[in-house]
**Q** 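Next up is a structure, given as structure tokens.
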Amino acid sequence: MLVPEHFDGNRLASNDPVGQQLEMAPLVSREDRLPQSIQFICGVDVAYDTRSDRLFAAAVMLCAADLSVIETATVETRATFPYSPGVFSLRELPPLVEAVEKLNRQPDLIVCDGQGLAHPRRFGLACHLGVYLDRATIGCAKTRLIGEFGPLGPRRGDYSPLEDANEIIGSVLRTQDFVRPLFVSIGHRISLPTARDWILRLTPRFRLPETTRMANHVVNEYRRITCSGLDSPIR
DNA sequence: GCGACAG
DNA sequence: ATCTTGTCGC
């Protein structure tokens, strides 16, 4: 499991993923500690190859002002863990870190395709990536992992608190009128209201943030080109 | 034991 | 996540 460089002793006492998540969870900052002026926002996504364990990741940099794509980075690795809810970052974190570090510029904010604090141990993919890179991150998932929520209004901007164990762990946010809501939560160095604001700014027209839409497009295109051919170059 | 379960 | 066939609408 990837441990942040600035972690005390740079090592974890636990050897299992769950124990390590519990150890790193306290490192998450739930306050706004992001740059005064946000210029570059990064979106990340991963795609898989059905016939092998090949895995593809992409990091796409958008200009915060007009949401245009200004840079992309891709990476191919191999899946080393099967998908398992709760320890998802074990699978996608390594390639995502690689992709983000390939970018020429450092993003002011990273939007993840998965949960942040809205996680059994309050340490979803967005928290892990944020703490590891020591960068502001938002968890923005399409479906729920844990937590309960009441009904929310039908219009864009309407939201309802996502709660678990008497704690608000995120927001169920409607990003377009009459469309299924998204599950927004703190990743790192950002408050929940600010996270919601950014997700709304990133969804001027579609349900999903432009960051994830673009990252999704880039990574799928990358996989298509890489895997084109009757037989994969790699078994 | 049974159902839930980010991507 | 990925696959798949068809359908609706701009």
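Below, all heavy atoms of this structure are taken into account, side chains as well, without hydrogens, waters or symmetry copies. The chains referred to below are lettered A, B, ... by the order of the sequence lines, with proteins before strands, and numbering in each begins at 1.
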**Q** Whole-Å distance between B/dA6 C1' and A/L90 CG?
**A**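 Rounded to whole Å, this separation is 14 Å.
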**Q** Determine the contact category for A/A118: base if any of its heavy atoms lies under 4.0 Å from a base atom, sugar-phosphate if only primed atoms, P, OP1 or OP2 are that close, otherwise nothing.
**A**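 The answer is nothing, as A/A118 stays clear of every strand by at least 4.0 Å.
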**Q** Between C/dC3 atom P and A/R224 atom CZ, what is the distance in whole Å?
**A**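 Atom-to-atom, A/R224 to C/dC3, this comes out as 13 Å.
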**Q** Do A/R189 and A/E31 sit within salt-bridge range, that is, some charged N less than 4.0 Å from a carboxylate O?
**A**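 A salt bridge is absent here (no side-chain N lies under 4.0 Å from a carboxylate O).
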**Q** For B/dC5 and A/R144 - does any side-chain N or O of the residue sit under 4.0 Å from the phosphate oxygens OP1/OP2?
**A**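 Yes, because at least one side-chain N or O of A/R144 sits under 4.0 Å from OP1 or OP2 of B/dC5.
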**Q** What is the distance, rounded to the nearest whole Å, between atom CZ of A/F206 and atom P of C/dC10?
**A**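 Atom-to-atom, A/F206 to C/dC10, this comes out as 14 Å.
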**Q** Salt bridge between A/E167 and A/R122, side-chain N to carboxylate O under 4.0 Å?
**A**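 A/R122 and A/E167: salt-bridged.
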**Q** Answer yes or no: does a side-chain N or O of A/K142 lie under 4.0 Å from OP1 or OP2 of B/dA6?
**A**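 Result: no.
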**Q** Whole angstrom is fine here: how far is it from OH in A/Y48 over to P in B/dG7?
**A**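 Distance, rounded to whole Å: 10 Å.
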**Q** Below the 4.0 Å mark, does C/dT2 have OP1 or OP2 next to a side-chain nitrogen or oxygen of A/R223?
**A**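 Yes, such a contact exists.
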**Q** Could you tell me the separation between the CG atom of A/D45 and the C1' atom of B/dA6, rounded to a whole number of Å?
**A**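 So the CG-C1' distance, A/D45 to B/dA6, works out to 12 Å.
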**Q** Please report the distance, rounded to the nearest Å, between CG in A/L162 and P in B/dC5.
**A**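 Spelled out: CG on A/L162 to P on B/dC5 is 12 Å.
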**Q** From CZ of A/R91 over to C1' of C/dT2, roughly how many Å is that when rounded to an integer?
**A**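 These atoms are roughly 11 Å apart.
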**Q** Please tell me whether A/Y159 and A/R196 have a donor and an acceptor in their side chains that are separated by less than 3.5 angstrom.
**A**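 Judged by distance alone, the side chains do pair up.
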**Q** Under 4.0 Å between any heavy atoms, over every strand shown, what does A/Y83 touch: base, sugar-phosphate, or nothing? Just pick one.
**A**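 Since a base atom lies under 4.0 Å of A/Y83, the category is base.
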**Q** Quick one: label A/V44 by what it contacts on the DNA or RNA (base, sugar-phosphate, nothing), any heavy atom closer than 4.0 Å.
**A**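 Result for A/V44 = nothing.
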**Q** Is A/G86 touching bases, backbone alone, or none of the nucleic acid, heavy atoms closer than 4.0 Å?
**A**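 The residue A/G86 makes base contact.
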**Q** Can you measure from NZ (A/K142) to OG1 (A/T212) and round to the nearest 0.5 angstrom?
**A**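 A/K142 NZ to A/T212 OG1: 7.0 Å, rounded to 0.5 Å.
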**Q** May I have the distance from A/L125 (atom CG) to B/dC5 (atom P), rounded to whole angstrom?
**A**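 Interatomic distance, CG of A/L125 to P of B/dC5: 19 Å.
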**Q** Ring centroids only, cut at 6.0 angstrom: are A/Y83 and A/F88 within range, meaning strictly under it?
**A**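 Between A/F88 and A/Y83, which both carry aromatic rings, the centre distance is below 6.0 Å.
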**Q** Using only side-chain N and O atoms of A/T143, determine if any of them is under 4.0 Å from OP1 or OP2 of B/dG7.
**A**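 True: A/T143 side-chain N/O within range (under 4.0 Å) of B/dG7 OP1/OP2.
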**Q** What nucleotide, of B/dG7, C/dC3, B/dC5, holds the atom closest to the side chain of A/L145?
**A**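 Nucleotide nearest to A/L145's side chain: B/dC5.
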